[in-house]
There are 2 protein chains.
Amino acid sequence: MTVSKTAEKSAEKPAEAARGRKDAAEGPGEALQLGELSEQLGYVLKRAQLKVFENFLRCMASLQLTPAQFSVLLLVEKNPGRNQTEIASTLGILRPNFVAMLDNLESRDLCARIRSTNDRRSHILVLTDKGKAVLARAKKLVATKHEARLNELLGQSNREALLGMLSKIANEF
Amino acid sequence: MTVSKTAEKSAEKPAEAARGRKDAAEGPGEALQLGELSEQLGYVLKRAQLKVFENFLRCMASLQLTPAQFSVLLLVEKNPGRNQTEIASTLGILRPNFVAMLDNLESRDLCARIRSTNDRRSHILVLTDKGKAVLARAKKLVATKHEARLNELLGQSNREALLGMLSKIANEF
DNA sequence: GATATTTGATATGGTCCATAACAATTATCA
DNA sequence: TGATAATTGTTATGGACCATATCAAATATC
């Protein structure tokens, strides 16, 4: 069995795992030198992203929503009446991979596919009432538990600066 | 056939893909609203990370090094004589998954496993001469093509601030 | 009306991540 | 000392995510 979406274990905390065994027996001085690694933006970026997702999953454990699912619900709420192709591609999800994702959300009655009358090929996406309610609760959890923790760690203005720089990288790099 | 590590196509540029088809026929106004999504740190963080890795792979195309492989070479160079468990866990790689990675690097004669004389269970890791040479070239490519581009985009001081905040998240979140 | 395109879907394969289990070796301690 | 436990590298395996090819139905194009 594997840990499902809501992973709790995460099996390897980078720095801590390296220590912890030999140290007790051989003394303190066995920690590896990260060296230039800690200056590599890609490396640190990846590490930070994993931590943030991990925390997001913990905060959302009660609602069982992954970051990707949360983003779909947000986007459908903001843009009701769009079809699968539009929603998927805006999120960078390939259409084939979006099918199973929607199957999941639809089976949990969070969103619904509706055959379009204009174009009977496409499925219009909308949130169900339950979907809207769950999303509302999810937003609150994210705001009070997740983003709040980041503000606490970085400070409000730093957090905004960080967001700005990341957006710049995401859009202009 | 799939595109190997050095992906060039990347199949879905989030925002651009959504437009591009209907637009030409139906006019401009069909872009989806990202809404609160663009304020979600996790979302933007993930997007930025993908862009950075993508650029890294392009810069390293001539050396065929992935970010993960680069990090292994860097760490082994900085900490010669450590065994697989130590190197892997410092990088957050699980030992079983590290085996194939080392098989690859070793088959390309970039690093070598040496049976330890102290503990004949463990394999000491070192860079080969070729490994050192390749790593040196890799560092130059990263500095001149990859990190330079980031400096250009963000500015030196912003880039450092970004790195600091990401480190904080990676270590203290 | 013949041909091409788009949409949602299926099948499939690759990569990465995580767990269980094993043989060889070493550590522990009764 | 010798039985038991723990560690190292490894294999096997399965899940999650990503990417491509292909399909039938519907629509667009010419």
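Per chain, numbering begins at 1; letters A, B, ... match sequence-line order. What you see is a predicted model; the values in this text were computed from it and never measured.
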Problem set entry | Comparing A/Ser122 and B/Asn118 on DNA chain C - which has the more 5′ nearest nucleotide | A/Ser122
Exercise. Start at the 5' end of DNA chain C and walk down; is the nucleotide closest to A/Arg115 or to B/Ser116 reached first?
Worked result: A/Arg115
Please state how far atom [atom1] in [X] lies from atom [atom2] in [N], giving the value in whole angstrom units.
| X | N | atom1 | atom2 | result |
| --- | --- | --- | --- | --- |
| A/Leu50 | C/dC16 | CG | P | 14 Å |
| A/Asn104 | D/dA16 | CG | C1' | 13 Å |
| A/Ile93 | D/dA16 | CD1 | C1' | 13 Å |
| B/Arg121 | C/dT25 | CZ | C1' | 5 Å |
| A/Gln49 | D/dC17 | CD | P | 12 Å |
| A/Asp119 | D/dA28 | CG | C1' | 10 Å |
| B/Leu57 | C/dT15 | CG | C1' | 13 Å |
| A/Glu106 | C/dG8 | CD | P | 12 Å |

For this session: Identify, with sequence neighbours excluded, every residue that meets ring-ring contact (aromatic ring centres under 6.0 Å, His included) alongside A/Phe56.
Result: A/Phe70, A/His146
Problem set entry | Member of A/Leu135, A/Asp129, A/Thr128 meeting the side chain to side chain contact (heavy atoms under 4.5 Å, CB included) criterion with A/Lys132 | A/Asp129
Exercise. Of the nucleotides C/dT7, D/dT8, D/dA19, which has the atom closest to the A/Leu94 side chain?
Worked result: D/dA19
Problem set entry | Minimum-distance nucleotide to A/Arg120 side chain [options: D/dA26, C/dG8, D/dT8] | D/dA26
Distances for protein N or O near nucleotides 9-12 of chain C N or O, under 3.5 Å:
from	atom 1	to	atom 2	distance (Å)
C/dA9	OP1	A/Arg113	NH1	3.2
C/dA9	OP2	A/Gln84	OE1	3.1
C/dA9	OP2	A/Gln84	NE2	2.9
C/dA9	OP2	A/Arg113	NH1	2.6

Exercise. What do you reckon, is CZ of A/Arg137 surrounded by more than 12 foreign heavy atoms closer than 6.0 Å?
Worked result: no
Seminar exercise, completed: side chain to side chain donor-acceptor pair (under 3.5 Å) with A/His123: of A/Arg82, A/Gln84, A/Glu106, only one passes, and it is A/Gln84
Exercise. Do A/Ile93 and A/Val99 share a hydrophobic cluster (ILVMFWY, side-chain heavy atoms under 4.5 Å, transitive)?
Worked result: no
Problem set entry | Set of side-chain hydrogen bond (donor to acceptor under 3.5 Å, both in side chains) partners for A/Gln40, sequence neighbours left out | none
Problem set entry | Closest non-hydrogen atom pair between B/Ser167 and A/Val44, with its separation | N-CG1, 3.4 Å
Exercise. Does A/Thr85 make a side-chain N or O approach to OP1 or OP2 of C/dG8 shorter than 4.0 Å?
Worked result: yes
